[in-house]
Amino acid sequence: MPKYIFLDNWVYSLLTNEETERKLSSHILKNDYVILLTKISLVELYNKNWQEVINKDRMQKTALFLSKHRSIIIDTYKVYKAEIQSYPEPLKVLPIELDLSSIPAKHRSQVIYSLLKGDKIFTDQGVDIIKWKNEYETAKNSWLADVKNIIDNAIQCGYLEKN
């Protein structure tokens with residue numbers, strides 16, 4: 001299996017600095033890493049005000065960066081499911097939603113940028129980053145209540161004891 005690297009959202013923010021981008025790119029190439037992207041990492045990159053940003057557009061810089069490196073999009077739930085199914089053996093192949101290197105190199109940056117902007121060509125196919133963003137915000141806003149409900153249910157069922 002290839003060596004994967006997951007870059008947190010704050011790392012993509014640093015790509016607006018050319019020296020940082022150069023060093024990170026060199027590190028990824030030297031170590032032959034494949035960049036992992038998830039729906040959540042894409043959502044965190046989305047900026048609804050992207051039209052107003054001129055030279056420091058994180059989405060555009062990230063799209064260009066990803067176009068230069070082998071990058072894949074995974075569905076974390078499918079990875080969890082595959083790990084459970086293969087247990088106790090480790091996964092031999094990671095389930096991949098989209099290998100961005102399958103997009104021709106000359107179009108890759110623009111395609112990734114269009115995805116991050118929520119372009120109609122993607123939303124018409126059900127790949128709607130704006131919808132994902134709204135779902136993510138809803139889940140994030142209800143997280144504490146969800147945790148409380150899970151704990152309360154575990155106490156009620158006798159799995160946890162409150163002391």
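Hydrogens, waters and symmetry mates play no part in the numbers below; they use all other heavy atoms, side chains included. We count residues from 1, following the sequence as given.
- Without hydrogens or angle criteria, Arg58 side chain to Ser13 main chain gives no donor-acceptor distance under 3.5 Å.
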(request) Check the pair Arg70 / Ile35 against side-chain contact (heavy atoms from CB on, under 4.5 Å), numbers first and verdict last. (result) CA-CA 6 Å; Arg70 178 138 187 248; Ile35 299 172; over 6 Å; no

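- To the nearest 0.5 angstrom, Leu36 atom CG is 4.5 Å from Ile74 atom CD1.
- Within the 4.5 Å cutoff, side-chain heavy atoms of Lys68 are placed close to those of Glu21.
- Within the model, atoms CD1 of Ile129 and CE of Met59 stand 7.0 Å from one another, a figure rounded to the nearest 0.5 Å.
- A cation-pi geometry, defined here as NZ or CZ lying under 6.0 Å from the six-membered ring centre and within 45° of its normal, holds between Lys3 and Tyr33.
- The hydrophobic clustering, which links ILVMFWY residues whose side-chain heavy atoms are closer than 4.5 Å, places Ile72 and Leu100 apart.
- Between His69 and Phe65, the ring-plane angle classifies as tilted under the 30° and 60° cut-offs.
- If you chain together hydrophobic residues whose side chains sit under 4.5 Å apart, Ile40 and Ile130 fall into the same group.
- A side-chain donor-acceptor contact under 3.5 Å links Thr38 to the backbone of Ser41.
- Pairing each heavy atom of Thr123 with each of Gly118, the nearest pair is CG2-O, 3.6 Å.
- Note that CD of Glu97 is 8.5 Å distant from CD1 of Ile73, once rounded to the nearest 0.5 Å.
- Under the 4.5 Å side-chain contact rule for hydrophobic residues, Val93 and Ile84 do not share a cluster.
- Judged by distance alone, the side chain of Ser114 and the main-chain N or O of Gln110 form a donor-acceptor pair under 3.5 Å.
- Taking Phe122 as the reference, nothing meets the ring pair (Phe, Tyr, Trp, His ring centres under 6.0 Å) condition, with sequence neighbours excluded.
- Across all their heavy atoms, Tyr12 and Leu7 have their closest contact at CE1-O, 3.3 Å.
- Looking only at side-chain heavy atoms (C-beta outward), Tyr159 and Asn153 stay at 4.5 Å or farther from each other.
- Counting heavy atoms of neighbouring residues, nucleotides and ligands inside a 6.0 Å radius, atom NZ of Lys106 does not exceed 12 of them.
- Crowding of Phe6 atom CZ: a count of heavy atoms from other residues, nucleotides or ligands under 6.0 Å exceeding 12.
- Rounded to the nearest 0.5 angstrom, Ile155 CD1 and Leu160 CG are separated by 6.0 Å.
- Side chain of Asp119 to backbone of Leu115: no donor-acceptor contact under 3.5 angstrom is found.
- Counting heavy atoms of neighbouring residues, nucleotides and ligands inside a 6.0 Å radius, atom CD of Glu19 exceeds 12 of them.
- To the nearest 0.5 angstrom, Asn31 atom CG is 4.5 Å from His27 atom NE2.
- Remark: Tyr4 OH is packed, more than 12 non-hydrogen atoms of other residues, nucleotides or ligands lying under 6.0 Å away.
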